[in-house]
Amino acid sequence: MSHHVVEVRDLHFTYPDGTEALRGISFRLTHGEAMAIIGGNGAGKSTLLQHLNGYHLPQRGEVRIGEIPVKATTVTAIRRSVGSVFQDADDQLFMPTVFDDVAFGPLNFGLPAADVEARATAALQRVGMEHLRQRPPYKLSAGEKRAVAIATVLAMTPDVLVMDEPSSNLDPRARRRLIELLRSFEHTRIIATHDLELVVEVCPRVIVLDHGLIVAQGATRAILNDEPLMLAHGLERPHSLRHLHPHG
Amino acid sequence: MSLATHYYEIGRMDELARADSPIHRLDARAQILTVAIFLVVVMSFPRYETFALMPLLLFPCVLLALAGLPTGYLLRKVALAAPFAICVGLCNPLLDRTPIGQIGSFTLIGGWVSFASILLRFLLTVLAALILIACTGIHRLCAGLEQLGLPRILAVQILFLYRYFFVIGAEGARMLRGVAMRSTGDQPPPWRLYATLAGNLLLRSIDRAQRIYRGMLARGFDGEVRLLRPATFGWREALFVAGWSLYFLAVRQGDLALRLGRALE
């Protein structure tokens, strides 16, 4: 299905204060692929993600989701097919109950009540949080909040999932559940994270950003094993790979 | 009570609104209309009225009972706002010294009666408003107001005001905790610090509000807040509004308290 394809070509973005956040980013992702975006703080990861759902529009270059270029007139369609999970789940959950929150997106699409109900329930079941449907979101644990935030996005049946630091603030068990969940998705996935172990487990592909440029991209294991490259860009070689290649 | 505790206390209103009772099940429009009529009737009484207002207490009492709301909690909320009403009425006994009654050797002056009337009206109106919020919740309330003809932009404003109140509250509580953790010396932090904190809080809240708004946009928000629960104004609602309105008018027209008293004699 062609609308699962994500294509970014020569993307530039400068903030009003003059910070050049993106200086020519290009990549192409096809259906069902999972790709990680890694890089130090301020490398441009979040800015890049915000271009994928049309929150920022390209100042130069182009972003395409499937056949549709991201621009002011297409953002509604773009947001239907790209689901974003934010770094801070509290920014994403704003309705009085978990269920209302998950139903918010489908309701905005103007679906009939029965469909909204079914979709919201299915999304909550998918992340294993159906038992929390009547709870107020601000009273959940960090792991529950993250799972519910993912459900709010799944309820919109997106083709592409974009996630910013999905494993931050999670305890080991919640993080493990999240990893299994991410691995089970058939969506095209783009994950910006500092959690390199998660990258190893979830994403076969990776791009390394530094100062708004792609400094490396390709197969995850090859790139993450390149110690000089990782160190040069504020990263490090993940522990799990060291164990696999003790002499590498 | 710390700011953080207050913050969760307010969140409790949302929790109350999620309960299920015959009152909760009523369409928000019926509740808004009835409370609005109630407020107008309470305000329309002449200023020396006290006993004539008493029968109106039936309305909040019946709602409290039917909706299963925690009376003590709501009364504490009323008490929190009481200083305002007391300030407003406090000058009356000094300014209005018209004698209007004699109790033994004590001359009852108009000022005290109107002061009592203000307090009673305050109790009635604030309690009714709190019950309204506790039975509908802000989302249904705004949806109801919009269906009653409030411009959508205003309804959304109220909703955001409410939502961001929590955001700013949480942000403020975190900042105050930060201050408390590091001001353990003998000297309390200088007042100037709070000016800096206020400025900082504003900037942080703007950032936070923007992120939340982005979250709403990402899920297709277009300025209309839609609710899943179908809102229908049926015969139950009509009966609720009509029944109470008739009662309020009866209290307003005839001195119901007096007539009841006479009837019992």
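Naming: A, B, ... by sequence-line order, numbering from 1 per chain.
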Legend entry - With B/Arg211, the salt bridge (Lys or Arg N to Asp or Glu O under 4.0 Å) member among A/Asp91, A/Asp90, A/Asp164: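 It is A/Asp91; the other options fail the test.
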Value rounded to 0.5 Å, distance of OH in B/Tyr213 from CZ in A/Phe94:
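It is 11.0 Å, given to the nearest 0.5 Å.
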When rounded to the nearest 0.5 angstrom, what distance separates CD in B/Glu15 from CZ in A/Arg135?
->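 One gets 8.5 Å once the value is rounded to the nearest 0.5 Å.
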Side-chain donor or acceptor of A/Asn108 paired with backbone N/O of B/Arg219 under 3.5 Å
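Confirmed, A/Asn108 side chain pairs with B/Arg219 backbone.
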With heavy-atom distances below 4.5 Å as the criterion, would you say the side chains of A/Ser84 and B/Arg214 are in contact?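 Contact flag for A/Ser84/B/Arg214 side chains = no.
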Counting only heavy atoms from other residues, nucleotides and ligands, does the tally under 6.0 Å from [atom1] of [X] exceed 12?
X: B/Ile153; atom1: CD1; answer: no
X: B/Phe84; atom1: CZ; answer: no
X: A/His211; atom1: NE2; answer: no
X: B/Arg236; atom1: CZ; answer: no

Side chain to side chain contact (heavy atoms under 4.5 Å, CB included) between A/Asp88 and B/Arg208, intermediate numbers included | CA-CA 10 Å; A/Asp88 187 349; B/Arg208 192 85 207 278; 3.9 Å; yes
Point to revise | side chain to side chain contact (heavy atoms under 4.5 Å, CB included) between B/Arg18 and A/Thr97, worked out | key: CA-CA 9 Å; B/Arg18 272 193 299 281; A/Thr97 67; 2.9 Å; yes
